[in-house]
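In what follows, a structure is listed as C-alpha coordinates, so that the remarks can point back to it.
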Amino acid sequence: MEFAEELGFLKEQVLFKGKIDAGRRFRNVVIAGMGGSGIVGKIFSEIYTEKPVTLIDGYSVPAHLSRDTLFVAVSYSGNTEETIKAAERAMQKGCRVVTISSGGELGDYGDQNIHIPRSDLQPRSAIGYMLMPFMEGFGLVDAADIKEAHKVVESLDHNNQECFAHAKRISRNKKIPVVYGAYPFSSVAYRWKTQFNENAKVIAYCSSFPELNHNDTMALAETYRKDEFYIMVFDSDRKEIKKRIAITSRLTQTKFNFIEFKGKSLAARLFYMIHYGDYLSYHLGKMRGVDPTDVRLIEELKKAL
Ligand code: F6R
(Lines give C-alpha, C1' and ligand atoms only; values in the text may rest on other atoms or scores of the structure.)
Protein backbone atom coordinates (compact mmCIF):
# COMPACT_ATOMS: atom_id res chain seq x y z
CA MET A 1 0.00 0.00 0.00
CA GLU A 2 1.34 3.45 -0.91
CA PHE A 3 1.99 5.46 2.25
CA ALA A 4 -0.40 8.28 1.25
CA GLU A 5 -3.15 5.68 0.99
CA GLU A 6 -2.23 4.36 4.42
CA LEU A 7 -2.42 7.90 5.85
CA GLY A 8 -5.83 8.39 4.24
CA PHE A 9 -7.10 5.49 6.28
CA LEU A 10 -7.30 7.67 9.39
CA LYS A 11 -10.83 8.74 8.46
CA GLU A 12 -12.02 5.14 8.93
CA GLN A 13 -10.16 4.83 12.20
CA VAL A 14 -11.97 7.70 13.91
CA LEU A 15 -15.12 5.58 13.54
CA PHE A 16 -13.50 2.67 15.45
CA LYS A 17 -15.75 1.53 18.28
CA GLY A 18 -13.11 -0.07 20.54
CA LYS A 19 -13.56 1.25 24.07
CA ILE A 20 -11.48 0.92 27.24
CA ASP A 21 -13.53 -0.74 29.96
CA ALA A 22 -12.28 0.64 33.26
CA GLY A 23 -13.95 -2.27 35.07
CA ARG A 24 -13.86 -1.45 38.73
CA ARG A 25 -13.32 1.93 40.36
CA PHE A 26 -9.85 3.28 39.81
CA ARG A 27 -7.86 6.10 41.33
CA ASN A 28 -5.28 6.69 38.65
CA VAL A 29 -4.39 5.76 35.09
CA VAL A 30 -0.97 4.57 33.96
CA ILE A 31 -0.25 4.24 30.26
CA ALA A 32 2.73 2.45 28.72
CA GLY A 33 3.71 2.81 25.08
CA MET A 34 6.63 3.72 22.88
CA GLY A 35 6.98 5.79 19.70
CA GLY A 36 3.96 5.75 17.40
CA SER A 37 1.96 3.91 20.07
CA GLY A 38 3.20 5.97 23.01
CA ILE A 39 1.93 9.21 21.49
CA VAL A 40 -1.69 8.31 22.27
CA GLY A 41 -0.91 8.34 26.00
CA LYS A 42 0.60 11.81 25.65
CA ILE A 43 -2.45 13.09 23.81
CA PHE A 44 -4.88 11.51 26.27
CA SER A 45 -3.04 12.81 29.32
CA GLU A 46 -3.34 16.35 27.98
CA ILE A 47 -7.10 16.22 27.45
CA TYR A 48 -8.22 14.03 30.36
CA THR A 49 -8.14 15.87 33.65
CA GLU A 50 -10.39 13.89 36.00
CA LYS A 51 -7.79 11.59 37.52
CA PRO A 52 -4.00 11.50 37.61
CA VAL A 53 -2.39 10.01 34.53
CA THR A 54 1.20 8.76 34.48
CA LEU A 55 3.00 7.84 31.27
CA ILE A 56 5.66 5.15 30.92
CA ASP A 57 8.03 5.34 27.98
CA GLY A 58 10.80 3.09 29.16
CA TYR A 59 11.52 0.16 31.43
CA SER A 60 10.85 1.62 34.83
CA VAL A 61 7.34 1.69 36.24
CA PRO A 62 6.10 4.01 38.99
CA ALA A 63 6.05 2.68 42.55
CA HIS A 64 2.42 3.75 42.99
CA LEU A 65 1.01 0.99 40.74
CA SER A 66 -1.68 -0.80 42.77
CA ARG A 67 -5.08 -2.50 42.60
CA ASP A 68 -6.51 1.00 42.22
CA THR A 69 -4.62 1.60 38.99
CA LEU A 70 -6.11 1.28 35.55
CA PHE A 71 -3.11 0.29 33.45
CA VAL A 72 -3.23 0.58 29.66
CA ALA A 73 -0.46 -0.93 27.53
CA VAL A 74 -0.51 0.42 23.98
CA SER A 75 1.58 -1.31 21.34
CA TYR A 76 0.52 -1.64 17.74
CA SER A 77 2.66 -4.73 17.16
CA GLY A 78 2.06 -6.02 20.68
CA ASN A 79 5.72 -6.96 20.77
CA THR A 80 7.53 -3.92 22.11
CA GLU A 81 9.93 -4.95 24.85
CA GLU A 82 9.53 -1.93 27.15
CA THR A 83 5.71 -2.05 26.97
CA ILE A 84 5.52 -5.81 27.62
CA LYS A 85 7.81 -5.49 30.65
CA ALA A 86 5.70 -2.64 32.04
CA ALA A 87 2.47 -4.65 31.51
CA GLU A 88 4.00 -7.61 33.35
CA ARG A 89 4.90 -5.42 36.31
CA ALA A 90 1.38 -3.97 36.32
CA MET A 91 -0.11 -7.49 36.43
CA GLN A 92 2.15 -8.39 39.34
CA LYS A 93 0.96 -5.29 41.19
CA GLY A 94 -2.69 -6.25 40.74
CA CYS A 95 -3.66 -3.40 38.38
CA ARG A 96 -6.51 -3.80 35.96
CA VAL A 97 -4.56 -4.25 32.72
CA VAL A 98 -6.00 -3.24 29.36
CA THR A 99 -3.97 -3.78 26.20
CA ILE A 100 -4.44 -2.14 22.81
CA SER A 101 -2.66 -4.00 20.01
CA SER A 102 -3.07 -5.72 16.67
CA GLY A 103 -1.78 -9.00 18.15
CA GLY A 104 1.68 -10.10 19.24
CA GLU A 105 2.50 -10.92 22.85
CA LEU A 106 0.09 -8.32 24.22
CA GLY A 107 -2.71 -9.56 21.95
CA ASP A 108 -4.21 -11.80 24.61
CA TYR A 109 -2.62 -10.34 27.70
CA GLY A 110 -4.38 -8.68 30.61
CA ASP A 111 -8.00 -8.21 31.62
CA GLN A 112 -9.16 -6.64 28.36
CA ASN A 113 -7.57 -6.61 24.96
CA ILE A 114 -8.73 -4.09 22.41
CA HIS A 115 -7.91 -5.71 19.14
CA ILE A 116 -6.94 -3.43 16.28
CA PRO A 117 -8.49 -5.00 13.19
CA ARG A 118 -5.51 -4.35 10.88
CA SER A 119 -1.90 -5.35 11.38
CA ASP A 120 -0.56 -4.10 8.03
CA LEU A 121 -0.10 -0.44 8.96
CA GLN A 122 2.89 1.42 10.31
CA PRO A 123 2.22 1.79 14.06
CA ARG A 124 2.19 5.57 13.71
CA SER A 125 -0.49 5.31 11.01
CA ALA A 126 -2.80 3.49 13.43
CA ILE A 127 -3.16 6.46 15.77
CA GLY A 128 -6.95 6.56 15.37
CA TYR A 129 -7.33 2.91 16.33
CA MET A 130 -5.22 3.45 19.43
CA LEU A 131 -6.64 6.82 20.50
CA MET A 132 -10.36 6.23 19.99
CA PRO A 133 -10.62 3.58 22.77
CA PHE A 134 -9.45 6.28 25.21
CA MET A 135 -11.81 8.91 23.78
CA GLU A 136 -14.77 6.51 23.87
CA GLY A 137 -13.86 4.84 27.16
CA PHE A 138 -13.46 8.07 29.09
CA GLY A 139 -16.42 9.87 27.55
CA LEU A 140 -14.35 12.44 25.67
CA VAL A 141 -16.44 12.21 22.47
CA ASP A 142 -20.07 11.89 21.46
CA ALA A 143 -21.58 10.81 18.14
CA ALA A 144 -21.64 14.37 16.77
CA ASP A 145 -17.93 14.87 17.59
CA ILE A 146 -17.02 11.67 15.81
CA LYS A 147 -19.03 12.67 12.77
CA GLU A 148 -17.29 16.03 12.66
CA ALA A 149 -13.85 14.48 13.19
CA HIS A 150 -14.52 12.08 10.31
CA LYS A 151 -15.55 14.98 8.08
CA VAL A 152 -12.53 17.20 8.75
CA VAL A 153 -10.09 14.31 8.42
CA GLU A 154 -11.73 13.38 5.13
CA SER A 155 -11.27 16.94 3.89
CA LEU A 156 -7.49 16.44 3.88
CA ASP A 157 -5.52 14.26 1.52
CA HIS A 158 -2.11 14.19 -0.11
CA ASN A 159 -3.27 16.73 -2.69
CA ASN A 160 -3.62 19.41 -0.04
CA GLN A 161 -1.70 22.35 -1.47
CA GLU A 162 -1.04 24.08 1.82
CA CYS A 163 0.72 21.03 3.31
CA PHE A 164 2.67 20.70 0.10
CA ALA A 165 3.73 24.37 0.16
CA HIS A 166 5.00 24.17 3.76
CA ALA A 167 6.95 21.01 2.91
CA LYS A 168 8.39 22.70 -0.18
CA ARG A 169 9.65 25.67 1.82
CA ILE A 170 11.28 23.36 4.37
CA SER A 171 12.91 21.13 1.76
CA ARG A 172 13.99 23.87 -0.66
CA ASN A 173 16.02 25.61 2.02
CA LYS A 174 16.92 22.44 3.95
CA LYS A 175 15.34 23.89 7.07
CA ILE A 176 14.80 22.19 10.41
CA PRO A 177 11.10 21.93 11.30
CA VAL A 178 10.23 23.56 14.62
CA VAL A 179 6.67 22.99 15.82
CA TYR A 180 5.01 25.07 18.52
CA GLY A 181 1.68 24.07 20.01
CA ALA A 182 -0.32 25.04 23.08
CA TYR A 183 -2.74 23.32 25.45
CA PRO A 184 -4.69 21.15 24.63
CA PHE A 185 -2.58 20.39 21.58
CA SER A 186 1.02 20.47 22.85
CA SER A 187 1.12 16.71 22.40
CA VAL A 188 0.14 17.15 18.76
CA ALA A 189 3.20 19.35 18.27
CA TYR A 190 5.19 16.40 19.62
CA ARG A 191 3.36 14.05 17.24
CA TRP A 192 4.43 16.31 14.34
CA LYS A 193 8.04 16.18 15.54
CA THR A 194 7.96 12.39 15.54
CA GLN A 195 6.27 12.27 12.12
CA PHE A 196 9.02 14.53 10.72
CA ASN A 197 11.56 12.13 12.23
CA GLU A 198 10.03 8.92 10.88
CA ASN A 199 8.35 9.97 7.64
CA ALA A 200 10.78 12.63 6.43
CA LYS A 201 13.91 11.37 8.23
CA VAL A 202 14.82 14.81 9.56
CA ILE A 203 15.62 15.98 13.04
CA ALA A 204 12.79 18.20 14.23
CA TYR A 205 11.99 20.04 17.41
CA CYS A 206 8.84 20.96 19.30
CA SER A 207 7.75 22.96 22.29
CA SER A 208 4.63 24.73 23.47
CA PHE A 209 3.28 28.05 24.66
CA PRO A 210 3.49 29.34 27.37
CA GLU A 211 6.41 27.09 28.46
CA LEU A 212 8.61 28.21 25.56
CA ASN A 213 8.31 31.81 26.78
CA HIS A 214 10.51 30.75 29.69
CA ASN A 215 13.37 29.31 27.63
CA ASP A 216 13.14 29.13 23.81
CA THR A 217 12.28 32.82 23.64
CA MET A 218 15.89 33.84 24.31
CA ALA A 219 17.18 31.37 21.75
CA LEU A 220 14.67 32.43 19.12
CA ALA A 221 16.33 35.81 19.12
CA GLU A 222 19.96 34.77 19.29
CA THR A 223 20.56 31.12 18.47
CA TYR A 224 23.04 29.82 15.90
CA ARG A 225 21.79 29.73 12.32
CA LYS A 226 18.33 30.91 13.25
CA ASP A 227 17.40 31.20 9.58
CA GLU A 228 17.76 27.45 9.21
CA PHE A 229 14.59 26.88 11.24
CA TYR A 230 11.14 26.68 9.76
CA ILE A 231 8.84 27.55 12.63
CA MET A 232 5.21 26.46 12.56
CA VAL A 233 2.72 27.56 15.20
CA PHE A 234 -0.72 26.08 15.77
CA ASP A 235 -3.12 28.98 15.87
CA SER A 236 -4.82 29.26 19.27
CA ASP A 237 -8.33 30.29 20.32
CA ARG A 238 -7.19 31.37 23.75
CA LYS A 239 -6.72 35.11 24.08
CA GLU A 240 -3.76 34.86 26.42
CA ILE A 241 -1.93 32.44 24.12
CA LYS A 242 -2.65 34.53 21.02
CA LYS A 243 -1.15 37.52 22.80
CA ARG A 244 1.94 35.56 23.79
CA ILE A 245 2.46 34.35 20.22
CA ALA A 246 2.24 37.88 18.84
CA ILE A 247 4.58 39.34 21.45
CA THR A 248 7.08 36.48 21.06
CA SER A 249 7.19 36.98 17.32
CA ARG A 250 7.74 40.72 17.68
CA LEU A 251 10.34 40.59 20.46
CA THR A 252 12.41 37.86 18.86
CA GLN A 253 11.94 39.09 15.29
CA THR A 254 10.75 35.64 14.29
CA LYS A 255 8.40 34.78 11.48
CA PHE A 256 5.86 32.16 12.52
CA ASN A 257 4.01 30.08 9.94
CA PHE A 258 0.51 29.66 11.29
CA ILE A 259 -1.39 26.44 10.93
CA GLU A 260 -5.14 26.89 11.19
CA PHE A 261 -7.41 24.34 12.82
CA LYS A 262 -10.55 23.05 11.22
CA GLY A 263 -13.63 21.91 13.16
CA LYS A 264 -15.39 22.93 16.35
CA SER A 265 -15.18 19.92 18.65
CA LEU A 266 -11.99 18.98 20.41
CA ALA A 267 -11.95 15.63 18.61
CA ALA A 268 -12.29 17.23 15.17
CA ARG A 269 -9.58 19.80 15.82
CA LEU A 270 -7.29 17.20 17.32
CA PHE A 271 -7.56 14.72 14.48
CA TYR A 272 -7.42 17.46 11.84
CA MET A 273 -4.13 18.79 13.21
CA ILE A 274 -2.71 15.28 13.57
CA HIS A 275 -3.59 14.54 9.96
CA TYR A 276 -2.20 17.81 8.66
CA GLY A 277 1.17 16.88 10.17
CA ASP A 278 0.92 13.44 8.57
CA TYR A 279 0.74 14.90 5.06
CA LEU A 280 3.26 17.66 5.69
CA SER A 281 5.87 15.15 6.85
CA TYR A 282 4.91 12.76 4.06
CA HIS A 283 5.53 15.42 1.42
CA LEU A 284 8.81 16.44 3.00
CA GLY A 285 9.96 12.83 2.89
CA LYS A 286 9.00 12.52 -0.77
CA MET A 287 10.73 15.79 -1.66
CA ARG A 288 13.89 14.61 0.10
CA GLY A 289 13.81 11.37 -1.87
CA VAL A 290 13.45 9.17 1.20
CA ASP A 291 10.89 6.42 1.71
CA PRO A 292 8.39 7.57 4.37
CA THR A 293 7.67 3.95 5.33
CA ASP A 294 11.29 2.97 5.89
CA VAL A 295 11.92 2.24 9.60
CA ARG A 296 14.70 -0.27 8.97
CA LEU A 297 17.07 1.11 11.57
CA ILE A 298 14.41 1.13 14.31
CA GLU A 299 13.68 -2.52 13.50
CA GLU A 300 17.37 -3.45 13.33
CA LEU A 301 17.91 -1.82 16.70
CA LYS A 302 15.06 -3.78 18.25
CA LYS A 303 16.57 -7.02 16.92
CA ALA A 304 20.03 -6.12 18.14
CA LEU A 305 18.85 -5.63 21.74
C1 F6R B 1 7.10 2.73 13.55
C2 F6R B 1 6.85 3.56 14.70
C3 F6R B 1 7.59 3.28 15.98
C4 F6R B 1 6.84 2.24 16.83
C5 F6R B 1 7.61 1.93 18.09
C6 F6R B 1 6.88 0.98 19.04
O7 F6R B 1 6.15 3.08 12.57
O8 F6R B 1 6.08 4.45 14.59
O9 F6R B 1 7.74 4.50 16.67
O10 F6R B 1 5.57 2.71 17.14
O11 F6R B 1 8.85 1.39 17.76
O12 F6R B 1 6.39 -0.14 18.38
P13 F6R B 1 4.86 -0.55 18.62
O14 F6R B 1 4.06 0.63 18.20
O15 F6R B 1 4.61 -1.74 17.76
O16 F6R B 1 4.74 -0.84 20.09
Side-chain angles (χ1 to χ4, degrees), residues 1-10 13 16 18 20 30-44 55-61 71-90 97-110 113-134 177 179 187-204 206 274-275 277-282 284-286 290-305:
M1 193 186 341
E2 221 278 317
F3 196 54
E5 198 187 321
E6 178 169 322
L7 292 178
F9 195 60
L10 183 64
Q13 297 179 40
F16 183 52
I20 290 173
V30 175
I31 305 167
M34 305 301 298
S37 296
I39 183 67
V40 301
K42 272 199 172 44
I43 293 172
F44 172 71
L55 304 179
I56 303 178
D57 59 356
Y59 292 98
S60 55
V61 300
F71 183 94
V72 189
V74 191
S75 169
Y76 183 70
S77 63
N79 288 327
T80 295
E81 182 179 282
E82 301 93 312
T83 315
I84 293 171
K85 290 236 157 81
E88 285 168 356
R89 291 297 306 282
V97 175
V98 177
T99 61
I100 303 177
S101 73
S102 65
E105 277 198 47
L106 290 175
D108 52 9
Y109 195 79
N113 175 250
I114 296 175
H115 180 70
I116 299 170
R118 289 183 68 150
S119 55
D120 59 339
L121 304 172
Q122 295 287 327
R124 59 192 182 281
S125 305
I127 188 166
Y129 280 137
M130 297 188 280
L131 187 54
M132 284 315 292
F134 286 90
V179 193
S187 50
V188 181
Y190 178 74
R191 158 77 177 185
W192 278 40
K193 174 224 170 276
T194 60
Q195 289 292 77
F196 279 121
N197 297 155
E198 290 193 80
N199 297 343
K201 277 76 178 164
V202 292
I203 288 293
C206 70
I274 288 172
H275 211 33
D278 291 345
Y279 287 117
L280 213 172
S281 55
Y282 163 80
L284 183 60
K286 286 281 181 192
V290 298
D291 173 4
T293 63
D294 178 17
V295 284
R296 207 173 3 103
L297 294 180
I298 294 178
E299 273 153 18
E300 246 176 66
L301 184 139
K302 286 182 184 176
K303 278 197 202 116
L305 285 170

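If you're wondering where the values come from, they're calculated on a predicted model, not measured in any experiment. Remember, it's 1-based here, ligands and their atoms both numbered in the order they're listed. The residues of the chain are indexed from 1 along the displayed sequence.
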Show which atoms of ligand 1 fall inside a sub-4.0 Å distance from at least one heavy-atom site of [X].
X	value
Met34	5 (C), 6 (C), 10 (O)
Gly35	9 (O), 10 (O)
Ser75	13 (P), 15 (O), 16 (O)
Gln122	7 (O)

Quick test: of every protein heavy atom, which one is nearest to [atom], and how far off is it to 0.1 Å?
atom	answer
atom 15 (O) of ligand 1	Ser77 OG, 2.7 Å
atom 14 (O) of ligand 1	Ser37 OG, 2.5 Å
atom 13 (P) of ligand 1	Thr80 OG1, 3.2 Å
atom 11 (O) of ligand 1	Lys302 NZ, 2.8 Å
atom 1 (C) of ligand 1	Glu198 OE1, 3.2 Å
atom 10 (O) of ligand 1	Gly36 N, 3.0 Å
atom 7 (O) of ligand 1	Arg124 NH1, 2.4 Å

**Asked** For Arg191 and Asp278, what are the C-alpha separation, side-chain angles and deciding distance, and is it a salt bridge (charged side-chain N to carboxylate O under 4.0 Å, His left out)?
**Response** CA-CA 9 Å; Arg191 158 77 177 185; Asp278 291 345; 2.9 Å; yes
**Prompt:** If you measure only the distance, is there a donor-acceptor pair under 3.5 Å linking the side chains of Tyr59 and Glu81?
**Reply:**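 Result is yes, a qualifying pair exists.
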**Request:** Nearest 0.5 Å please: distance from the NZ atom of Lys85 over to the OG1 atom of Thr83.
**Result:**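 If I round to the nearest 0.5 Å, the distance is 11.0 Å.
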**Prompt:** Roughly how far apart are Cys206 SG and Trp192 CH2, rounded to 0.5 Å?
**Reply:**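 These two atoms lie 11.5 Å from each other.
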**Prompt:** In terms of the angle between their ring planes, are Phe16 and Tyr129 parallel, tilted or perpendicular, with boundaries placed at 30° and 60°?
**Reply:**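 Answer is perpendicular, since the angle exceeds 60°.
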**Message:** For ligand 1 and Thr83, I'd like to know whether there is a polar contact (N/O to N/O, distance under 3.5 Å).
**Reply:**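 N/O-N/O distance under 3.5 Å: no.
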**Item:** Other residues, nucleotides, ligands: >12 heavy atoms within 6.0 Å of Ile203 CD1
**Value:**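 Not more than 12 within 6.0 Å, no.
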**Prompt:** Considering all heavy atoms of both residues, which atom of Ser102 and which atom of Tyr76 are nearest to each other, and what is their separation?
**Reply:**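 That would be OG-O, 2.6 Å.
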**Request:** Can you see which heavy atom on Ser101 is nearest to which on Asn113, and at what distance?
**Result:**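 Heavy atoms only, the tightest pair is OG-ND2, 3.5 Å.
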